Engineer: 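One structure coming up, written as structure tokens, with questions to follow.
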Amino acid sequence: ETGVTQSPTHLIKTRGQQVTLRCSSQSGHNTVSWYQQALGQGPQFIFQYYREEENGRGNFPPRFSGLQFPNYSSELNVNALELDDSALYLCASSSADNYGYTFGSGTRLTVV
Amino acid sequence: GQSLEQPSEVTAVEGAIVQINCTYQTSGFYGLSWYQQHDGGAPTFLSYNALDGLEETGRFSSFLSRSDSYGYLLLQELQMKDSASYFCAVYSSASKIIFGSGTRLSIRP
């Protein structure tokens with residue numbers, strides 16, 4: 001069974017640009033969540049998707065958006081990048097009957 | 001507001017026992033989880049408590065008291081590989097998880 005894979009692993013963008021991060025869920029998982037983790041902090045919940053619908057959202061502005069595809073893979077899109085968006089972005093997947101989330105290794109985004 | 005409090009750092013000796021506490025204040029509560037994260041790595045699920053009491057999984061145990069909005073992670077027979085950050089996380093709804101800021105556990109030989 002494969003785990004959660006994220007791409008790219010590292011990314012450098014300029015302020016004002018847009019970025020798309022990708023995530024492939026673990027086999028058998030139909031729920032995917034995205035988190036932002038600043039250095040030395042805990043992951044901050046961005047949003048969650050279940051069966052291609054957003055079913056939970058944290059305190060992030062609308063310029064953070066996402067998609068979940070029929071194969072349960074997912075994208076996180078961030079528009080109008082700001083310097084404070086620099087962080088590790090983590091994707092996590094789970095199944096409906098399992099409270100444990102499997103995390104990917106993350107995408108390290110640097111905004112300059 | 002919603003908040004989780006846990007110590008920022010804990011130091012322990014190899015072979016000993018350590019307890020990491022977590023208190024929470026959230027608008028909803030479904031359960032409490034613990035995750036381990038090594039430097040540069042992904043968070044790894046350790047445990048989940050929905051009901052009061054102690055859950056044991058090998059060297060790790062997790063406890064929850066819903067009436068006290070409190071839980072802890074207990075690590076026994078500490079090994080050097082247990083050096084990592086540990087996060088408590090509250091499921092405030094069926095689709096939203098709030099993480100604490102993490103406890104950095106350092107283990108001395």
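Chain letters run A, B, ... following the sequence lines, proteins first and then strands; every chain starts at 1. Just so it is clear, the structure is predicted and the values come from calculations on it, not from any experiment.
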Engineer: Mind checking which of residues 54-65 of chain B sit less than 4.5 Å from chain A, heavy atom to heavy atom?
Structural biologist: none
Engineer: Among A:Gly104, A:Pro43, A:Ser105, A:Ala92, which has the most heavy-atom pairs under 4.5 Å with chain B?
Structural biologist: A:Pro43
Engineer: Rounded to the nearest 0.5 Å, how far does CD of B:Gln76 lie from CG of B:Asp82?
Structural biologist: 11.5 Å
Engineer: Highest number of heavy-atom pairs under 4.5 Å with chain A: which of B:Tyr48, B:Phe45, B:Tyr30?
Structural biologist: B:Tyr48
Engineer: Which of residues 101-109 of chain B get closer than 4.5 angstrom to chain A, counting heavy atoms alone?
Structural biologist: B:Ser101
Engineer: Using non-hydrogen atoms and a 4.5 Å limit, figure out which bit of B:Ile97 sits close to chain A: side chain, backbone, both or neither.
Structural biologist: both
Engineer: Are the charged groups of A:Arg63 and A:Asp85 less than 4.0 angstrom apart, N to O?
Structural biologist: yes
Engineer: Non-hydrogen atoms of chain B under 4.5 Å away: do they reach the side chain of A:Arg108, the backbone, both or neither?
Structural biologist: neither
Engineer: Tell me, yes or no, whether the heavy-atom count around B:Glu77 atom CD, taken from other residues, nucleotides or ligands under 6.0 Å, exceeds 12.
Structural biologist: no
Engineer: Run the side-chain contact (heavy atoms from CB on, under 4.5 Å) check on B:Ile20 and B:Leu75 step by step: do they pass?
Structural biologist: CA-CA 8 Å; B:Ile20 300 174; B:Leu75 297 83; 4.3 Å; yes
Engineer: Given that the side chain runs from C-beta out, which part of A:Tyr50 has a heavy atom under 4.5 Å from chain B: side chain, backbone, both or neither?
Structural biologist: neither
Engineer: Centroid-to-centroid, B:Tyr24 to B:Phe29, below 6.0 Å?
Structural biologist: yes
Engineer: Using distance alone, with no hydrogens and no angle criterion, decide if B:Tyr86 and B:Gln36 have a side-chain donor and acceptor under 3.5 Å apart.
Structural biologist: yes
Engineer: Between A:Tyr101 and A:Gln48, do the side chains contain an N or O donor and an N or O acceptor separated by less than 3.5 Å?
Structural biologist: yes
Engineer: Decide side-chain hydrogen bond (donor to acceptor under 3.5 Å, both in side chains) for B:Gln19 and B:Tyr72; before the verdict, give the C-alpha distance in whole Å, the side-chain angles of both, and the deciding distance to 0.1 Å.
Structural biologist: CA-CA 6 Å; B:Gln19 178 174 312; B:Tyr72 66 73; 4.8 Å; no
Engineer: At a heavy-atom separation under 4.5 Å, does B:Tyr35 approach chain A through its side chain, its backbone, both, or neither?
Structural biologist: side chain
Engineer: Would you say the ring centroid of A:Tyr49 lies under 6.0 angstrom from that of A:Phe47?
Structural biologist: yes
Engineer: Can you tell me how far the CD atom of B:Gln25 sits from the OG atom of B:Ser69, to the nearest 0.5 Å?
Structural biologist: 8.0 Å
Engineer: Whether the B:Gln37 and A:Gln37 side chains hold a donor-acceptor pair (N or O, under 3.5 Å, no angle test) is what I'd like checked.
Structural biologist: yes
Engineer: Between A:Phe60 and A:Phe45, does the ring centroid distance fall short of 6.0 Å?
Structural biologist: no
